Q: 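Sharing a structure, written as structure tokens. Questions coming.
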Amino acid sequence: LLALDALLRRPDLELLKAQSGTEALELLLVHDVALALIDVQMPELDGFELAELMRGSERTCRVPIIFVTAGAREAHRIFQGYDAGAVDFLFKPIDQHILRHKVDTFVELHRQRQQLASQMEIIRANEELKRRILESTQDLMVVIDLEGTVRSLTRQGREQLSSATGAPAIAWSALWADAAEATRCLGAAQQGEPCRFQSRGQRLLDLTSCDWDVVVSPMRDARGRVDRLLAVARDVTELRRLNDELSANLRLNETFVAAVGHDLRTPLNNVVMSAELLLSQASEPSQTRIIERLRSSAGRMSKMIDELFDLARARLSGGIPVHLQSDVDLTPVAEKIVAELATGERGKALEVTRVGDTRGRFDPDRLGQVLSNLLGNALRHGQSEGGVLLSLDGSAAHEIVLAVTNRGQIPSDVLSCLFEPFRRGQTRTGNVEGLGLGLFIVQQIVLAHQGRIAAESNDGITTFRVVLPREGERESQRPASA
């Protein structure tokens with residue numbers, strides 16, 4: 001503990017030290033921790049047991065864990081550590097440069113997540129403010145006779161104008177700056193059809209500076225005939241201002257996400273280059289495995305950064321841009337993705353079928369991203385038995401259908417919001433992976449192709465189905481959003 005404290009201490013970090021697994025668990029339940037360095041052998045509660053307890057708690061399940069041990073480099077112990085949810089496994093004596101680099105990376109990621117959460121909290125606060133203002137808005141209610149004369153005009157019952165009380169008659173059209181639109185809606189309501197219009201700047205009752213959203217509805221007598229009209233006007237001036245402010249905050253948030261992703265690329269590239277250098281110099285199989293895991297982790301981080309960039313593009317530009325090419329065959333695109341996934345052990349369960357002509361006008365790189373995400377999700381989250389089936393159906397004349405099917409059930413409450421950003425799923429081992437942007441980005445790419453995507457999960461079978469028109473419109477090269 002003293003050695004690690006001396007090695008890692010710096011002014012911008014708070015280091016928490018625990019003498020046992022029980023003491024560590026107590027600290028984790030109190031503090032927001034960016035990274036846990038856990039010794040495998042500890043009194044009372046060993047490192048593996050502590051990791052299992054952390055993964056079982058909502059507060060600590062996402063804390064990255066690096067196991068530290070002076071024990072033997074036995075494969076089953078290493079696998080036990082990764083099964084417990086570790087991101088790495090370091091053996092003593094520890095290389096101080098590698099340790100510092102790992103700690104710096106996870107601390108920086110934690111800070112970026114905090115900043116992103118803070119921005120999201122601002123957006124939620126603005127939404128709550130908008131809701132409260134809407135609830136407290138005082139609506140203007142107007143009762144009009146069939147001749148277009150206002151018989152009563154109220155605002156929360158405080159202002160009453162009526163010919164019965166001797167107040168001068170008010171023409172309906174005189175209340176609104178857009179008198180022609182007000183008269184048109186009045187005529188529609190007199191015929192029994194509700195009508196809606198918006199107007200700014202009433203000429204009476206000191207309402208000239210307001211924006212109003214007005215709905216005019218017919219009122220019927222006991223025999224069902226229209227005898228009066230009711231207009232309800234809501235002051236939407238503040239709502240429009242808040243919407244503009246919310247849009248500005250959202251744009252600022254997405255710009256921030258793009259900037260964060262850009263700034264993370266430099267240290268990540270350093271990690272990748274360092275890993276490649278270490279791999280070329282490694283002489284022991286154990287060293288090679290550790291460095292390959294480091295490189296694999298950097299690859300996952302690079303994918304997260306790419307997702308952040310795509311999210312920023314989708315939000316800032318109204319969708320993800322695609323570059324369509326003529327006569328693109330989706331079969332070799334799919335075969336390439338399957339071959340890449342098949343390099344891992346899990347890829348052995350992949351099966352591909354094809355029917356008909358799979359050529360069309362597409363962006364092959366973006367659709368490769370779609371297939372990689374859907375197949376990767378099916379392999380990670382689906383049941384281990386049964387495998388994953390990718391089918392390409394080009395039998396229709398004007399569209400191609402891609403379907404990814406695997407064993408496993410998605411709960412109905414999750415299925416309804418599956419394509420929303422930052423919705424993260426658990427793997428078969430219970431670990432939470434990624435930023436939860438993959439399916440959102442997949443949907444945006446499909447929409448940019450003028451296509452559609454849907455998911456269904458019934459009787460233990462889950463299928464993602466993508467329908468793509470063969471010849472997208474020229475406008476489809478521009479961003480599209482849901």
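One is the number of the first residue; the rest follow in order along the sequence. Note: hydrogens, waters and symmetry copies are ignored here, and every other heavy atom, side chains too, is used. These numbers were taken from a predicted model, which means no experiment stands behind them.
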Q: Grab the two heavy atoms, one from Ala18 and one from Leu1, that are nearest each other, plus how far apart they are.
A: O-CD1, 3.5 Å

Q: For a quick test of reading the model, state the closest non-hydrogen atom pair linking Asp363 to Leu324 and the distance between them.
A: N-CD2, 3.8 Å

Q: Can you tell me how far apart OG (Ser416) and CD1 (Ile410) are? Round to the nearest 0.5 Å.
A: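 It is 11.0 Å, given to the nearest 0.5 Å.
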
Q: Answer whether the closest heavy-atom distance between the side chains of Val40 and Asp46 falls below 4.5 Å.
A: no

Q: So, taking the atom named OG1 in Thr60 and the one named CD1 in Ile65, what distance separates them when rounded to the nearest 0.5 Å?
A: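 Going from OG1 on Thr60 over to CD1 on Ile65, the span is 8.0 Å.
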
Q: Return each pair, listed once, that meets salt bridge (charged side-chain N to carboxylate O under 4.0 Å, His left out) where at least one residue sits in residues 94-106; pairs must be two or more places apart or across chains.
A: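 For residues 94-106: Arg10-Asp104, Asp88-Lys102.
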
Q: What distance separates His110 NE2 from Gln115 CD, expressed to the nearest 0.5 Å?
A: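 Answer rounded to 0.5 Å: 11.0 Å.
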
Q: To the nearest 0.5 Å, what is the distance between CG on Leu45 and CD on Glu23?
A: 12.0 Å

Q: Could you check whether any side-chain N or O of Arg59 sits under 3.5 Å from a backbone N or O of Val30, counting only pairs where one atom can act as donor and the other as acceptor?
A: yes

Q: Apply side chain to side chain contact (heavy atoms under 4.5 Å, CB included) to residues Leu390 and Leu350 and explain how you reach the verdict.
A: CA-CA 8 Å; Leu390 168 61; Leu350 273 172; 5.6 Å; no

Q: What closest approach, in Å, do Thr69 and Asp39 show between heavy atoms, and which atom pair accounts for it?
A: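 Answer, listing the atom of Thr69 first, then Asp39: CA-OD1, 4.2 Å.
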
Q: May I have the step-by-step check of side chain to side chain contact (heavy atoms under 4.5 Å, CB included) for Ile290 and Ile98, ending in yes or no?
A: CA-CA 11 Å; Ile290 292 173; Ile98 291 178; over 6 Å; no

Q: What closest approach, in Å, do Val107 and Ala34 show between heavy atoms, and which atom pair accounts for it?
A: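 Taking every non-hydrogen atom into account, CA-CB, 4.3 Å.
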
Q: I want to check something: taking the side chain as every heavy atom from C-beta on, are Glu49 and Glu52 in contact at a cut-off of under 4.5 Å?
A: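 Result no, sub-4.5 Å side-chain heavy-atom pair not found.
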
Q: For residues Ile453 and Val442, determine if any side-chain heavy atom of one lies less than 4.5 Å from a side-chain heavy atom of the other.
A: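 When only atoms from C-beta onward are counted, Val442 and Ile453 do touch, with a gap below 4.5 Å.
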
Q: Between Arg465 and Asp393, is a salt bridge (charged side-chain N to carboxylate O under 4.0 Å, His left out) present by the stated rule, with each step listed?
A: CA-CA 11 Å; Arg465 186 169 283 102; Asp393 187 351; over 6 Å; no

Q: For Arg354, does the CZ atom have more than 12 heavy-atom neighbours from other residues, nucleotides or ligands under 6.0 Å away?
A: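 Yes, the 6.0 Å shell around CZ holds more than 12 heavy atoms from other groups.
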
Q: Using only heavy-atom distances, determine whether the side chains of Thr331 and Thr358 contain a donor-acceptor pair under 3.5 Å.
A: yes

Q: First locate atom CG of Leu29, then atom NE2 of His31, and finally report the distance between them rounded to the nearest 0.5 Å.
A: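 Answer rounded to 0.5 Å: 10.5 Å.
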
Q: Does Asn377 reach the side chain of Arg380, with side-chain heavy atoms less than 4.5 Å apart?
A: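 Yes, their side chains come closer than 4.5 Å.
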
Q: A side-chain contact here means heavy atoms from C-beta on lying under 4.5 Å apart; do Ser20 and Met42 qualify?
A: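 A side-chain contact is absent here, since even the closest heavy-atom pair is not under 4.5 Å.
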
Q: Taking the side chain as C-beta and beyond, is there a heavy-atom pair between Leu468 and Leu402 under 4.5 Å?
A: yes

Q: Sub-3.5 Å donor-acceptor pair from the side chain of Arg55 to the main-chain atoms of Cys61, do we have one?
A: yes

Q: Taking the six-membered ring for Trp, are Phe89 and Phe67 ring centroids under 6.0 Å apart?
A: yes

Q: What are the two closest heavy atoms between Arg470 and Gly394, and how far apart are they?
A: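 Closest pair (atom of Arg470, atom of Gly394, distance): NH2-O, 2.6 Å.
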
Q: Step by step, work out the side-chain hydrogen bond (donor to acceptor under 3.5 Å, both in side chains) result for Thr463 and Thr405.
A: CA-CA 4 Å; Thr463 300; Thr405 303; 3.1 Å; yes

Q: For a quick check under 3.5 Å, do Gln409 and Asp459 share a side-chain donor-acceptor pair by atom type?
A: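 Gln409 vs Asp459: no donor-acceptor pair found between side chains.
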
Q: Looking at Glu121 and Arg124, is any side-chain nitrogen of the basic one under 4.0 Å from a carboxylate oxygen of the acidic one?
A: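 Yes, this pair counts.
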
Q: Salt bridge or not for Arg113 and Asp32, using N-O below 4.0 Å?
A: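 Salt bridge flag = no for Asp32 with Arg113.
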
Q: Would you say the side chains of Gln114 and Arg111 form a donor-acceptor pair under 3.5 Å?
A: no

Q: Take a 6.0 Å sphere around CD of Gln19 and say whether it holds more than 12 heavy atoms from other residues, nucleotides or ligands.
A: no

Q: So which atom in Ser457 and which in Thr462 form the shortest heavy-atom distance, rounded to 0.1 Å?
A: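 Where Ser457 meets Thr462 most closely, the heavy atoms are OG-OG1, 2.8 Å.
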
Q: Within the structure provided, determine whether His449 and Leu367 are in side-chain contact (heavy-atom separation under 4.5 Å).
A: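 Answer yes - side chains close enough.
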
Q: Within this structure, what is the OG-CG distance for the pair Ser57 and Leu28, rounded to the nearest 0.5 Å?
A: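 Here the interatomic distance stands at 9.0 Å.
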
Q: Does Ile66 form a side chain to side chain contact (heavy atoms under 4.5 Å, CB included) with Leu90? I'd like the steps, not just the answer.
A: CA-CA 7 Å; Ile66 294 180; Leu90 300 181; 3.8 Å; yes

Q: Check whether any side-chain heavy atom of Ile38 lies under 4.5 Å from a side-chain heavy atom of Leu50, and answer yes or no.
A: yes

Q: List the steps, then state whether side chain to side chain contact (heavy atoms under 4.5 Å, CB included) holds for Leu8 with Leu15.
A: CA-CA 8 Å; Leu8 300 176; Leu15 298 177; 4.2 Å; yes

Q: Check for a donor-acceptor pair, side chain of Thr105 on one end and backbone N or O of His101 on the other, with a separation under 3.5 Å.
A: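 Checking the backbone N and O of His101 against the side chain of Thr105, a donor-acceptor pair under 3.5 Å is found.
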
